[in-house]
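One structure is given below, encoded as structure tokens.
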Amino acid sequence: MADVLGDAVGVVEGLAIAYMAILAIGLTGYVLYKPRRDGVKAGDFEIVVVSKADGRVRRSLFETLRYHARRFGGVTLVVDEESPLLGELRGLNHVKLVVVPRDYRRDLVGKGRALNYFIERFVDPDKWYVFIDDDNIILDDNFLYEIPFYESKGVYVGNGVLVPRMGRSKIAYVMDWVRFLDDITLYRFFTGLIGRPLLGLHGELLIVKGRVLKEVGFSYRSITEDFRFSVELVKRGYKTWQSSTRVLIKSPNSLLDLLRQRGRWFKGVITDVKHSPLPMKVVVGVRAFFWSLVFTVSWLMLPAIIAAGVIWLILPAGLYYVTAYLYGTYKAGDPILVFTIPLFGLIEASARIYGLISVRDFVVIDKN
């Protein structure tokens, strides 16, 4: 019995130490990094939405188009020729419609295929492009003041900070607040402080100079095109910054959609990371595999950890996630959700298993 207890504690200790190192990195990013800005706005930029444009995203898509057309004076929408909503989208005010022909590059998939067509046919090397998803709402224009500063320093790629907004599942909404906490800590360290996106980039508020898009492109088959794009940037030595601009993201409407979404991310990342340099493999590997294990194993082995008197091992990692989830619970306005927190690590771990077993192609979830 003592040997089993010792082995259990040893597993948790190893995971906890690895994750404490990651948390220290995140804290460093949070404290030390502040994005810089110029006194004038960027003038030559384009907001670009890429969408499947079917019934599952209709409401969020039209909301996104109306909002950004009004706020920024216009928006570009890239859709496939076979998109079910194509007829409704033609002729919208202040919306430039780009239609990807059905016979274009059938070897590519999903959003990456549409992006590659747009880059090949419409991108100006001297212009800035700001890519968002069809459920995104950009909350401020800080990024427009940051572009001139970073361009003067030879930095041509930026990324925003994700903020969840409520869908139909309160649990998925609460779980999404980890993405916000990750952005202002871990991603801030890599994307911002050291300027190397070793954890990847978000497709939401992806800010890129046209000439970089022309050079790198999206001409590779991937179900996580934003991560693969970051792989290519790291290989080429491009620097990045993290913008202070926050962008609302719609949380999944159900736990099944959350499993599909997280499963696609995991499957895509572990498929694409093999193309990355060694430092990126190490960072992504630790992050992708350990966090759900730490959270899940911590709860499952809690009696053994208490009995051994080493509860301190799981506190840093536990507090990191519990902080995000408690804040998400507060934002959801439903205190009873606190009692579901112990299940979240198990849900995330299940999503990884689901991704490995079931995900074969690009997955579009319900965003209405």
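The closest donor-acceptor contact from the side chain of K281 to the backbone of S276 lies under 3.5 Å. Counting only distance, with no hydrogens or angles, the side chain of Y187 and the backbone of F180 share no donor-acceptor pair below 3.5 Å. Checking side-chain atoms of S83 against main-chain N and O of L86 turns up no donor-acceptor pair under 3.5 Å. With K239 contributing its side chain and G154 its backbone, the two residues share no donor-acceptor pair below 3.5 Å. In terms of modelled atom types and a separation under 3.5 Å, the side chain of R106 and the main chain of R102 share a donor-acceptor contact. Counting only distance, with no hydrogens or angles, the side chain of H275 and the backbone of V231 share no donor-acceptor pair below 3.5 Å. K111 contributes no side-chain N or O that, together with a main-chain N or O of V50, makes up a donor-acceptor pair within less than 3.5 Å. A donor-acceptor pair under 3.5 Å is absent between the side-chain atoms of K367 and the main chain of D135, judged by distance alone. With D226 contributing its side chain and H202 its backbone, the two residues share no donor-acceptor pair below 3.5 Å. The backbone N or O of F143 lies less than 3.5 Å from a partner atom in the side chain of T245, making a donor-acceptor pair.
Relative orientation of the F218 and Y220 rings is tilted, given thresholds of 30° and 60° on the angle between their planes. Under the 30°/60° scheme for interplanar angles, the aromatic rings of Y327 and W177 are found to stand perpendicular.
For S251 and D176, the side-chain atoms include at least one donor-acceptor pair closer than 3.5 Å. Defined by atom type and a distance below 3.5 Å, a donor-acceptor pair is missing between the side-chain atoms of Q261 and D257. Between the side chains of E81 and Y104, no donor N or O sits under 3.5 Å from an acceptor N or O.
F344 and W265 fall into different hydrophobic clusters, where Ile, Leu, Val, Met, Phe, Trp and Tyr side chains are chained together by heavy-atom contacts under 4.5 Å. Residues I353 and I223 are members of separate hydrophobic clusters, defined by side-chain heavy-atom contacts under 4.5 angstrom among Ile, Leu, Val, Met, Phe, Trp and Tyr. A single hydrophobic cluster is seen to contain both L97 and Y129, as judged by linkage of ILVMFWY side chains at heavy-atom distances under 4.5 Å, directly or through other members. Note on V57: it does not cluster hydrophobically with L256, by side-chain heavy-atom contacts below 4.5 Å among ILVMFWY residues. F72 and V40 are not part of a single hydrophobic cluster, where members link through side-chain heavy atoms under 4.5 Å apart.
Under the 4.5 Å side-chain criterion, counting only non-hydrogen atoms from C-beta, T329 is not in contact with K170. Two residues are said to be in side-chain contact when any heavy atoms from C-beta on lie closer than 4.5 Å; E88 and F62 meet this criterion. At a threshold of 4.5 Å between non-hydrogen side-chain atoms, the residues H94 and R70 do not count as touching. Residues I132 and E204 are not in side-chain contact: their nearest non-hydrogen atoms beyond the backbone lie 4.5 Å or more apart. Side-chain contact check for L89 versus V95: every heavy-atom pair is 4.5 Å or farther apart. Side-chain contact between L162 and L205 is absent, with no heavy atoms from C-beta onward closer than 4.5 Å. The closest side-chain heavy-atom distance from K127 to E46 is below 4.5 Å. You'll find the side chain of D141 reaches within 4.5 Å of the side chain of K41, heavy atoms only.
One finds the CG atom of L259 at 13.5 Å from the CZ atom of F266 (value rounded to the nearest 0.5 Å). Atom CZ of R113 is separated from atom CG of L108 by 7.5 Å, given to the nearest 0.5 angstrom. For the atom pair D140 CG and R71 CZ, the distance stands at 6.5 Å (nearest 0.5 Å). Atom CZ of residue R165 and atom CD1 of residue I249 lie 9.5 Å apart, to the nearest 0.5 angstrom. The CG atom of L278 lies 10.5 Å from the CG atom of L198; values are rounded to the nearest 0.5 Å. Here S243 contributes atom OG and L144 contributes atom CG; the two are 9.0 Å apart, rounded to the nearest 0.5 Å.
The two residues I138 and Y67 make their nearest non-hydrogen contact at O-OH, 2.7 Å. Smallest separation of non-hydrogen atoms from G203 and D133: O-OD1, 4.4 Å. Summarising the geometry of Q242 relative to P35, their closest heavy-atom pair is O-CB, 3.4 Å, with the distance given to 0.1 Å. The nearest pair of heavy atoms linking L181 to A324 is CD2-CB, 3.8 Å.
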For the pair D134 and S60, evaluate side chain to side chain donor-acceptor pair (under 3.5 Å) and give the outcome as yes or no after the intermediate values.
-> CA-CA 6 Å; D134 51 23; S60 61; 4.7 Å; no
Can E232 and Y238 be said to form a side chain to side chain donor-acceptor pair (under 3.5 Å), step by step?
-> CA-CA 9 Å; E232 300 303 317; Y238 277 108; over 6 Å; no
Please lay out, stage by stage, how M280 and F227 fare under the test side-chain contact (heavy atoms from CB on, under 4.5 Å).
-> CA-CA 11 Å; M280 196 169 189; F227 178 78; 3.8 Å; yes
Before giving the answer on side-chain contact (heavy atoms from CB on, under 4.5 Å), spell out for S219 and R105 the whole-Å C-alpha distance, their side-chain angles and the decisive distance to 0.1 Å.
-> CA-CA 9 Å; S219 59; R105 291 293 302 271; 4.1 Å; yes
Derivation and outcome, side-chain contact (heavy atoms from CB on, under 4.5 Å), residues T191 and R196 = CA-CA 5 Å; T191 305; R196 298 188 72 202; over 6 Å; no
Is there a side-chain contact (heavy atoms from CB on, under 4.5 Å) between Y117 and F122 once you walk through the steps?
-> CA-CA 8 Å; Y117 177 80; F122 295 94; 3.9 Å; yes
Residue pair D38, Y150: steps toward the side chain to side chain donor-acceptor pair (under 3.5 Å) verdict = CA-CA 9 Å; D38 209 333; Y150 286 102; over 6 Å; no
Step by step, would you call E146 with N142 a side chain to side chain donor-acceptor pair (under 3.5 Å)?
-> CA-CA 6 Å; E146 294 164 359; N142 292 345; 5.3 Å; no
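With a 6.0 Å cutoff to the six-membered ring centre and a 45° limit on the axis angle, R211 counts as a cation-pi contact of Y156. For R37 and Y145, the positive end sits near the middle of the six-membered ring, less than 6.0 Å away and at most 45° from its axis.
The number of heavy atoms from other shown groups lying within 6.0 Å of CZ (R59) does not exceed 12. Heavy atoms from other residues, nucleotides or ligands lying under 6.0 Å from CZ of F45 number more than 12.
In this structure F189 satisfies the ring-ring contact (aromatic ring centres under 6.0 Å, His included) test with no other residue, sequence neighbours excluded.
When each of R221, R228, E225 is checked for a side chain to side chain contact (heavy atoms under 4.5 Å, CB included) with D272, only R228 meets the rule.
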